[in-house]
There are 2 protein chains.
Amino acid sequence: MKEVILAHIEKKELDVLKELLRNSEEMAIIQAFYELPDDELVIAFRLLSKAAALSIFEELDTDLQKKLLKSFTEDRVKLFINEIAPDDRVKLLDELPATVAKQLLESLTPQERETTNLLMGYEAGTAGRIMTPEFITLNRDMTIEQALAKIGVQAEHKETIYTLFVTDSSKKLEGVLTLKGLLIAQGTKAASIGKTDGSSRIGDIMSKNAISVSTDTDQEEVARILHELDLLAVPVVDREGRIVGIVTIDDAVDIVHEETTEDIEIMAALTPSDKPYLETHPLRLAKNRIIWLMVMFFAAMLTGGILDKFEYAIAAIPLLVIFIPMLCDTGGNSGSQSATLIIRGLAIGEVTPKDFFKIIWKEIRVGLLVGTGLAVLNYLRMMIFYGNHDIYGDNIIMISVTVCLTLLFTVVTANIVGGVLPIIAKKCKIDPAVMAAPLITTIVDALSLIVYFSIAMWLLGDLMV
Amino acid sequence: MKEVILAHIEKKELDVLKELLRNSEEMAIIQAFYELPDDELVIAFRLLSKAAALSIFEELDTDLQKKLLKSFTEDRVKLFINEIAPDDRVKLLDELPATVAKQLLESLTPQERETTNLLMGYEAGTAGRIMTPEFITLNRDMTIEQALAKIGVQAEHKETIYTLFVTDSSKKLEGVLTLKGLLIAQGTKAASIGKTDGSSRIGDIMSKNAISVSTDTDQEEVARILHELDLLAVPVVDREGRIVGIVTIDDAVDIVHEETTEDIEIMAALTPSDKPYLETHPLRLAKNRIIWLMVMFFAAMLTGGILDKFEYAIAAIPLLVIFIPMLCDTGGNSGSQSATLIIRGLAIGEVTPKDFFKIIWKEIRVGLLVGTGLAVLNYLRMMIFYGNHDIYGDNIIMISVTVCLTLLFTVVTANIVGGVLPIIAKKCKIDPAVMAAPLITTIVDALSLIVYFSIAMWLLGDLMV
């Protein structure tokens, strides 16, 4: 057995090995485990099914258990596991049994924990990746005094003692209780001494509908739950409902910072980076920026193509060119205003895809108001600056009307596009933040140029013959 | 006295009344207070100096004290105070004495509290505006048992019992203590019974260097302190160091959400609004958007003016126009990428104004990398699309070089402008978020158009005669 395992690991045939282990006798595996070198031991262990992993782990003697847990931090093993594609990794590595996960987490420093999560099978950005094992569990049959005594003894070594988790003998989460609730219950009991038998149990005072998340819950969702339910800590459970760790409210602040930074970066057409700006190499920064710039460079060819088609109009009335940057900028800015409000609204839950038509209707009204305001301003400005432009004479009024109508159209369109695209993205499970300023600018530029020259041909066709 | 006070309030001569009250005998004021109608009573009270307010409040009988506190919620009074300009309000209304503030806060519902803060003199976005009075204070001479007993009794009615505040008889903050620390101390004591006299005092175990903020500390700063020092609650004190309220960590999450929403909105050239999108009237939304659009509309006149100056170049080589949107878009997008990284870096403290030259040097390198990449891409594209354009013949190479050089210049300039402007804003105490995409787009547009036509005249001057 030992040789077969070693051979498969050597050849990186992990799926074959996984299949083999699933069909082997437990005793044979345990036998092989005692003979395997540390690195191969942990790899083989991670390929076991969750149930087998648990029962085999419990069969091993304490020394081998410790050796196994220690191997999770071995650089060679991490490199090996890192080479597997992330989606294969999810398929290959079953969930770690709660008891093993907790023991492992407790034996590691926070830094080691961060790097070991890879091997534990928790993907980045999930509850499993940020949870801590330092919490206090109580038993439903404990009295208030016993609970307080346990808290007093363990307090020093736990991250929080303010939320207490009640579990059964198999570590399944049965309820939660705050320390505040516990102290209030103690106070109530003290006040009613003599009337009751004075022995209320944790099971009677705990809240039975404990809110929990699972190891693969998205960290953004975890932060939302902590914040909205005003919790100091939320328990993280495995598939069978066993508690593996907790995430605390101060982590939520970190998550909110991290997630909004990511959103803001995506909105500015940047590939998000998790390293601080000053520590990022220029080559890396350039890579993060150029990808989207290239996408938008090609998109801008569209705008160029439109101008190309109307070259004759430009040659006939060069004055038209002067207003192109103003029209494009105003369109881009209006669209980005709408998109920003909707993207942010979606992120903090103020807006949902159900509000689709409400948003369109609102954006049309806002667009008409803003567009009319800017159009009037533009008309006045054009009359003052070009009103007695000798080349264009009376045609300047028609040219002004062309610019003003396009401006109104551009603002309304930009508002609708900016309001609608993030919602569509959300519906299609794309990050709405992608639909921000840069992309919308390109779309709105193209639309407004087409409209600009179409109106120009309609109103000023005579000048272009 | 009563008539004089009424007359001044009637005529809205609050500064005269304030001066008068400062120079009056305390007994005369108290006498007048008993005769004043409720609304005028609270206005006169708020005009007293802090010291006078405290001593007069303590002289009043409980009924009048209650009447006074109740008047803080009167709509007429709020309207009256609201009419004063905010900076005058700060000058006129002295800080409220801690005892009065706490009693007032406790007598109000959270909703009432929100609207009363105006009258209390706490400006929006400060610790005073978001603090709660529901905290537990201990005394340094209490024993651990006495402290635990007090917590047990008060727990139910306090927002948090996990951070405890130790004050002297005048409510001055002397130290803080966590419930965890208290329980650990109790455990230690229990373990060492017989060895010590068993009567350790709160004063011995509290932390004497209590971190606190004042009522006018910016809420963003409060959130930063809570987060960075990993606190569950931070005390808010008045000028004399008396504790008035606390701000808890779950408020920090709200603040972070609120402040980043504000930043994101300013970055998109929106006037920030504190009402959810769907509940904001289109007229209000239009107003929030049009102000910046108008500013940028006028800024875009600059770009128009530049194009106006080069009209003859456009008439001679209409092909040049085709690349204007691409150049402007790429410049705007690059600038917005840099600005976003720096604005966000400043907001979360990863970047400081001291990094000014580091940022410039980094942005130049990134700009050269990205600009060169895009320029090469653009050269290939122009050769493919216009390489055998019959009108331009061999000149197409020179035209391509013009566009590519401008593109490189634009990206580098945009990066520098985007990286530097937020830092300069921060230095000038302007919100760096103002220096985002829209403003930078306008600046970079103007610069790159000037460079575009300058290079064109240099390389293609022959075609323009």
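Side-chain atoms are counted along with the backbone in the values below, which use heavy atoms only and exclude waters and symmetry mates. Residue numbers begin at 1 in each chain, while the letters A, B, ... track the order of the sequences. No experiment lies behind these values; they were computed from the predicted model shown.
Interface residue Val321(A): backbone and side-chain heavy atoms are both found under 4.5 Å from chain B. When heavy atoms are compared at a cutoff of 4.5 Å, Ile359(A) approaches chain B by way of both its backbone and its side chain. Of the two parts of Asn333(B), the backbone and the side chain both hold a non-hydrogen atom closer than 4.5 Å to a non-hydrogen atom of chain A. Neither the backbone nor the side chain of Lys287(B) comes within less than 4.5 Å of any heavy atom in chain A. At a 4.5 Å heavy-atom cutoff, the contact between Ile342(B) and chain A is made by side-chain atoms alone. Both the backbone and the side chain of Tyr162(A) come within less than 4.5 Å of a heavy atom of chain B. Residue contact with chain B, scored on non-hydrogen atoms closer than 4.5 Å, is absent for Arg284(A). Heavy atoms closer than 4.5 Å to chain B are found in both the backbone and the side chain of Thr178(A). For Met301(A), the parts sitting under 4.5 Å from any heavy atom of chain B are the backbone and the side chain alike. Looking at Ser334(B), both its backbone and its side chain come within 4.5 Å of chain A, counting heavy atoms on both sides. Residue contact with chain B, scored on non-hydrogen atoms closer than 4.5 Å, involves the backbone and the side chain of Asp250(A) alike. Of the atoms belonging to Gln154(A), not a single heavy atom falls under 4.5 Å from chain B. Looking at His227(B), the atoms closer than 4.5 Å to chain A (heavy atoms on both sides) all sit in the side chain, from C-beta outward. In this structure, the portion of Met296(B) lying under 4.5 Å from any heavy atom of chain A is its side chain and not its backbone.
Chain B forms more heavy-atom pairs under 4.5 Å with one residue of Ile151(A), Leu369(A), Asn288(A) than with any other, namely Leu369(A). Contact count against chain B (heavy-atom pairs under 4.5 Å) is highest for Arg344(A) among Glu350(A), Arg344(A), Arg365(A).
At least one donor-acceptor pair closer than 3.5 Å links the side chain of Gln337(A) to the backbone N or O of Ala269(B). Not a single donor-acceptor pair under 3.5 Å links the side chain of Gln186(B) to the backbone N or O of Gly152(A).
Counting only heavy atoms from C-beta outward, the side chains of Thr260(B) and Asp263(A) never approach each other to under 4.5 Å. By the 4.5 Å heavy-atom criterion applied to side chains, Glu311(B) and Ile322(A) are counted as neighbours. In this structure the side chain of Lys362(B) reaches within 4.5 angstrom of the side chain of Leu285(A), judged on heavy atoms.
In summary, Arg289(A) and Glu363(B) engage in a salt bridge, as defined by a charged side-chain N under 4.0 Å from a carboxylate O.
Judged by the 6.0 Å distance and 45° axis criteria, Arg381(B) is not positioned over the aromatic ring of Phe298(A).
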